[in-house]
Amino acid sequence: EAQVTQNPRYLITVTGKKLTVTCSQNMNHEYMSWYRQDPGLGLRQIYYSMNVEVTDKGDVPEGYKVSRKEKRNFPLILESPSPNQTSLYFCASSLWEGGGYNEQFFGPGTRLTVL
Amino acid sequence: AQRVTQPEKLLSVFKGAPVELKCNYSYSGSPELFWYVQYSRQRLQLLLRHISRESIKGFTADLNKGETSFHLKKPFAQEEDSAMYYCALAHGSGNTGKLIFGQGTTLQVKP
C-alpha cells in the first residue's frame, strides 16, 4: 500500500533530551516535507527536501534538523527539545515533476509533548 | 511576505445550505493554490488545486487574482463534509518547495 509512515506516533519527553521522529514513504517521491500543527496557527512548514541531499528551511526551522540520505526517509531531529516544540507533527511527500507542485501525501502525525 | 489567511476558525451550516470557506492570500508572484481537507480520524488529503479547475465532491474554488482570494464553495452542504479545511499557497515558479498553509477552518454541517 502506498503510504507515508511516521514513528513514533506519540512521544512524551523532557527538555533537552535529543529525539528523532522518522518519516518514510514507499512511493519513490522526490519531495518530502515536515510540518507542525498548532491550534490557531494551522500547519507551518519546518523543513523540506526536493531530493536526496537537498534540504531547505521552511517557515519555522529553529530548533530542528533534518537529513535526506535516502530517497525514502526524511527524519526530523530535535537536538535539544523545549516545551514550545510540543505540537502535532506531520510528514508529507509528493512527486517533483518538472519543478511543479503535485499532491502531497501526508503521514498520520506524531504527537510530541516536551515537559 | 507570503501569507494565507482563513478568517473563520469555525463555520457551522445546516445540511443543504450553501457553503463558502474563505481564503485570502498575499503573494507578489503567480501563486499555486490548494485546498486540503482533514476528515475526522483520517489523514490530511488534497481536495483540489486551482490549476486543475476541477469540482471535487461538489466543491469548487476559483482563483481571483484581483481580490487575492481562493474561496472554497459548495452549493449544498452534506453532513459528510464536516472536516477541517486548509488553504495552501505555493510559489508558482515551482523552483522552491515552500508551502504556506492558512490557519484552517472547521466546517460543521448540522443535520
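First the proteins, then the strands, lettered A, B, ... as listed; each starts at 1. The figures here come from the full heavy-atom set of this structure, side chains too, leaving out hydrogens, waters and symmetry mates.
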Problem - Neighbourhood of chain B inside residues 105-115 of chain A, taking heavy atoms under 4.5 Å as contact - result: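 Within residues 105-115 of chain A, the residues under 4.5 Å from chain B are A/Phe106, A/Gly107, A/Pro108.
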Problem - Residues of residues 1-24 of chain A contacting chain B, heavy-atom criterion under 4.5 Å, by residue number - result: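 The stretch touches chain B at A/Gln3, A/Val4.
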Practice task
Show your reasoning for whether side-chain contact (heavy atoms from CB on, under 4.5 Å) applies to B/Leu99 and A/Tyr35.
Solution key: CA-CA 10 Å; B/Leu99 193 61; A/Tyr35 302 89; 3.4 Å; yes
Should we say atom [atom1] of [X] is surrounded by more than 12 heavy atoms from elsewhere, each under 6.0 Å from it?
X: B/Lys73; atom1: NZ; result: no
X: B/Phe14; atom1: CZ; result: no
X: B/Glu67; atom1: CD; result: no

Problem - Contact listing (chain A partner; residues 102-111 of chain B; heavy atom under 4.5 Å) - result: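 Within residues 102-111 of chain B, the residues under 4.5 Å from chain A are B/Gly102, B/Gln103.
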Problem - Portion of A/Tyr47 that has a non-hydrogen atom of chain B nearer than 4.5 angstrom - result: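 Answer is neither: A/Tyr47 stays 4.5 Å or more from chain B.
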Exercise for the section: Using non-hydrogen atoms and a 4.5 Å limit, figure out which bit of A/Leu41 sits close to chain B: side chain, backbone, both or neither. Expected result: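 Answer is backbone: N, CA, C or O of A/Leu41 sit under 4.5 Å from chain B.
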Exercise for the section: Go through the steps to decide whether A/Leu76 and A/Tyr64 satisfy the test side-chain contact (heavy atoms from CB on, under 4.5 Å), and finish with yes or no. Expected result: CA-CA 7 Å; A/Leu76 180 69; A/Tyr64 304 95; 4.0 Å; yes
Handout entry: Ring centroid separation B/Phe59 to B/Tyr85 under 6.0 Å
Key =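 Centroid separation for B/Phe59 and B/Tyr85: below 6.0 Å.
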Practice task
Flag the pair B/Tyr25 / B/Ile100 as yes when at least one side-chain heavy-atom distance between them is below 4.5 Å, and no otherwise.
Solution key: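 When only atoms from C-beta onward are counted, B/Ile100 and B/Tyr25 do not touch, as no gap falls below 4.5 Å.
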Problem - Note, A/Asp59 side chain near B/Lys98 side chain (heavy atom, < 4.5 Å) - result: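 The answer is yes; the side chains approach within 4.5 Å.
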Handout entry: A/Arg36 side, atom CZ; A/Gln85 side, atom CD - distance, nearest 0.5 Å
Key =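 Between atom CZ of A/Arg36 and atom CD of A/Gln85 there are 7.0 Å.
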Practice task
Could you tell me whether a side-chain N or O of B/Gln6 sits under 3.5 Å from a main-chain N or O of B/Cys87, the two making a donor and an acceptor?
Solution key: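 Judged by distance alone, yes, a pair lies under 3.5 Å.
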Problem - Donor-acceptor contact present, side-chain A/Ser87 to main-chain A/Gln37, <3.5 Å - result: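 Looks like yes, one N/O pair under 3.5 Å.
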Handout entry: Those residues that, when tested against A/Arg44, pass salt bridge (Lys or Arg N to Asp or Glu O under 4.0 Å) (two or more places apart)
Key =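 Testing A/Arg44 for salt bridge (Lys or Arg N to Asp or Glu O under 4.0 Å), a comparison that skips the adjacent residues, returns A/Asp38.
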Practice task
Would you mind checking which part of B/Gln38 comes under 4.5 Å of any heavy atom in chain A, side chain (CB onward), backbone (N, CA, C, O), both or neither?
Solution key: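 The answer is the side chain of B/Gln38.
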Practice task
Return the orientation label for the B/His50 and B/Phe70 ring planes: parallel under 30°, perpendicular over 60°, tilted otherwise.
Solution key: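 Rings of B/His50 and B/Phe70: perpendicular, as their planes differ by over 60°.
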Handout entry: side-chain contact (heavy atoms from CB on, under 4.5 Å) assessment of B/Leu48 paired with B/Leu72
Key = CA-CA 9 Å; B/Leu48 54 79; B/Leu72 184 68; 4.1 Å; yes
